[in-house]
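One structure is given here, and the rest of the page talks about it.
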Amino acid sequence: MSFTADRLLLFGATGDLAQRMLLPSLFALDADRLLASDLKIIGTARSSLSDSEFRNFARAALEKFLPAERRGQMAGFLNRLSYQTLDATKREGYDELARKVGKPGRGLAIFLSTAPSLFGPTIAGLAAAGLTGESVRMCLEKPLGSDLASSRAINDAVAGAFPESRIFRIDHYLGKETVQNLLALRFANLMFEPLWNAAHIDHVQITVAETVGLEGRVAFYDDAGALRDMVQNHMLQLLALVAMEPPAHFDATAVRDEKVKVLRALRRVGAGETVTGQYRAGAINGSPVPGYDEELGKPSETETFVAIKAHVDNWRWKGVPFYLRTGKRLPKRVTEIIIQFACVPHSIFAGKGATMQPNRLVIGIQPEENITLSLMAKVPGLDREGIRLRQVPLNIAMPDAFTGAVRRIAYERLLLDLIEGDQTLFVRRDEVEAQWEWIDAIRQQWAEEGLKPKPYPAGTWGPSAAIALAERDGVTWHE
Ligand code: BG6
C-alpha cells in the first residue's frame with residue numbers, strides 16, 4: 001500500500017547509529033522541507049528519558065555529528081520528537097508505546113536499530129499492541145543474522161507480522177549517491193554496456209579500505225569479522241550492481257530481480273581463493289596505533305581483513321575474476337571499483353616499439369567521488385626512434401561536475417524512501433539469503449582449510465598473501 005508515513009518510530013533511539021546518522025539525517029531532511037509537516041518522530045530505548053530529555057539528547061547529537069554548514073535552526077525539528085522508555089523484551093511496555101505513537105493518520109514507519117536478538121520480541125510486542133497493521137512498515141538495520149540460518153530466523157519472525165512489500169532492509173551503501181551513480185554510469189550511457197562482459201573485461205576489483213580500527217565495537221566486531229561485517233552486505237551489493245543485467249525499469253522489483261540473479265550465480269569459493277588478516281600495531285597517517293588484539297584485550301582469531309577471488313558463473317562474466325578486499329587499519333580510507341578492460345586484439349604500433357596498456361575504468365565511491373577512464377595516447381614527438389604511447393586519464397570529478405549539489409548522508413535518502421514507501425534501495429529477503437549462502441560456504445571452507453588470519457601491520461594493505469592472490473594471475477591491486 002502506498003502512503004507517506006506521518007509517524008516514525010525509532011527503536012534504539014539513544015544508540016550510536018541514531019546519534020551519528022539517523023537523527024542528523026532526519027534533521028537535514030527537515031531543514032530541506034522534505035518531511036511532511038505533520039510527521040512525528042517517536043524515539044524509544046531502554047534508557048529512562050522524558051520527551052524534553054530526549055530532545056536535549058538529540059540536540060547534542062546534531063551539534064556533534066552534523067557538519068557545521070548543515071546545522072541551522074533546530075527547534076522546529078526537535079518539536080517533532082518525543083520519547084518512550086521501553087524494555088523491548090517485556091510485553092507490558094508496548095501498549096504504553098502504542099499510546100505514545102498515537103493513531104497514525106496515514107501510516108507508521110518503524111526503524112529497528114537494535115541488536116538482532118531483540119527483533120523477535122520487538123515484533124511480537126508490536127503485534128500484540130496493534131502496531132503491525134496494513135499501514136505499518138518495518139525497517140531493519142544490519143546485522144541481519146550471522147549466517148544463513150540466523151538470517152532466516154529473523155526473516156521468518158518479521159514475515160510473521162509483515163509482508164515482504166512492507167519490509168525495508170537497510171544496506172547503507174545503497175543510500176550512497178555514488179553507489180546509485182553506478183547504475184547511471186552503466187545504464188544511462190551507451191558506450192560501456194557493449195563492452196561490459198567477459199569478451200572485453202579482464203577482471204574487476206572492488207576495494208573497501210578503512211583506516212579505523214575497532215572503534216569501541218569490541219563485542220560486536222569480534223563475533224563478526226570483516227567477511228560478515230563488510231563483504232556479506234556492502235561488498236556483495238556493489239558486486240551485484242556492477243555485474244547485474246540491465247533491469248527493465250528503475251523500480252524495486254526489476255532492480256532487485258537482477259541483483260539476486262547475480263548473487264545466486266556466485267561460484268562457491270575454492271581453496272586458496274581467500275586470504276584473511278588481522279592488524280597488529282603500526283601507524284596510520286604517521287600516528288602509532290595498537291594492534292587488534294591489544295584493542296580487544298585478548299588474542300583473537302577474528303579477521304579484520306579479507307581478500308577474495310570471486311566468480312560470477314553466467315554468460316556475461318564467464319572467466320572474469322572479481323577481486324574483493326576490505327580491511328580495517330589500511331593505509332587510507334577508500335572505496336573504489338576498478339574495471340580492467342582487456343588488451344586490444346592486435347597492436348598496430350608493436351612494430352614501432354610502442355607498448356600498450358589496456359584501458360581501465362576507476363569508479364571512486366568514497367572519499368573522492370570521481371570516475372577515471374585511462375586511455376592510451378601518443379606522446380608528442382617526431383617518432384624518429386619509434387612511437388611512444390602513454391596512458392592518460394580522462395577524469396570526471398563528481399563534486400566539480402555538480403557544484404552546488406548537497407552532499408547527503410546515505411541515511412537521508414533511505415529514511416525518506418522508508419517514509420514514502422520506495423523499496424528500490426532496500427535489500428529483499430532473497431538477496432540477503434543468497435548473500436549469506438555464499439558467505440557461509442566461505443566460512444566452511446576456512447574451517448576445512450584451518451585458515452587463520454595472517455598478521456599485518458596497521459597502515460599496510462593487509463598480509464602479503466593478499467597481494468599474491470592477485471599477482472599470481474598477473475593482476476596488481478589498484479592503489
Ligand atoms: C558498517 C560496518 O556497516 O559499515 C563498519 O559495520 C564499517 O564496520 C562501516 O566501518 C563502513 O561504512 P562507511 O559508510 O563509512 O564506508
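As the structure lists them, so they are numbered: ligands from 1, and atoms in each ligand from 1.
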Answer yes or no: is there an ion pair linking Asp32 with Arg70, defined by an N-O contact shorter than 4.0 Å? yes
Do Phe305 and Tyr456 make the cut of ring centroids closer than 6.0 angstrom? yes
May I ask you to test the Ile308-Phe322 pair for a side-chain heavy-atom distance under 4.5 Å? no
With nothing but distance in play, are any N or O atoms of Thr335 less than 3.5 Å from an N or O of ligand 1? no
Considering only the protein, which heavy-atom contact is closest to atom 16 (O) of ligand 1, and what is its distance? Tyr173 OH, 2.4 Å
Would you mind running through ligand 1 and noting each atom that sits below 4.0 Å from a heavy atom of Met230? 2 (C), 4 (O), 7 (C)
Does Asp430 come within less than 4.0 Å of Arg256, counting only side-chain N to carboxylate O? no
Near Arg333, which atoms of ligand 1 are under 4.0 Å from a heavy atom of that residue? 13 (P), 15 (O), 16 (O)
Check the pair Thr424, Asp422 against side-chain hydrogen bond (donor to acceptor under 3.5 Å, both in side chains), reporting the backbone distance first and the verdict last. CA-CA 6 Å; Thr424 311; Asp422 184 344; 2.6 Å; yes
Show the nearest heavy-atom pair for residues Arg428 and Arg169, with the distance to one decimal. C-NH1, 3.4 Å
Taking the six-membered ring of Trp461 as reference, does the NZ or CZ atom of Arg325 fall below 6.0 Å from its centre and within a 45° cone about the axis? yes
With atoms numbered from 1 as shown, which atoms in ligand 1 lie under 4.0 angstrom from a non-hydrogen atom of Arg217? 2 (C), 5 (C), 6 (O), 8 (O)
I need the nearest protein heavy-atom contact for atom 12 (O) of ligand 1: residue, atom name and distance, please. His172 NE2, 3.2 Å
Numbering as shown, the atoms of ligand 1 that approach Asp229 to under 4.0 Å (heavy-atom distance): 2 (C), 5 (C), 6 (O), 8 (O)
Counting heavy atoms only, name the option from Glu210, Lys176, Arg228, Glu141 that's nearest to atom 9 (C) of ligand 1. Glu210
Set out, in order, the CA-CA distance, both residues' side-chain angles and the distance that settles salt bridge (charged side-chain N to carboxylate O under 4.0 Å, His left out) for Asp16 and Arg20, then state yes or no. CA-CA 6 Å; Asp16 192 56; Arg20 281 174 191 273; 3.1 Å; yes
What atoms of ligand 1 come closer than 4.0 angstrom to any heavy atom of Lys328? 5 (C), 7 (C), 8 (O), 10 (O)
Against heavy atoms of His234, which atoms of ligand 1 measure under 4.0 Å? 1 (C), 3 (O), 4 (O)
Distance filter under 4.0 Å to Lys142 heavy atoms, resulting ligand 1 atoms: 1 (C), 2 (C), 3 (O), 6 (O)
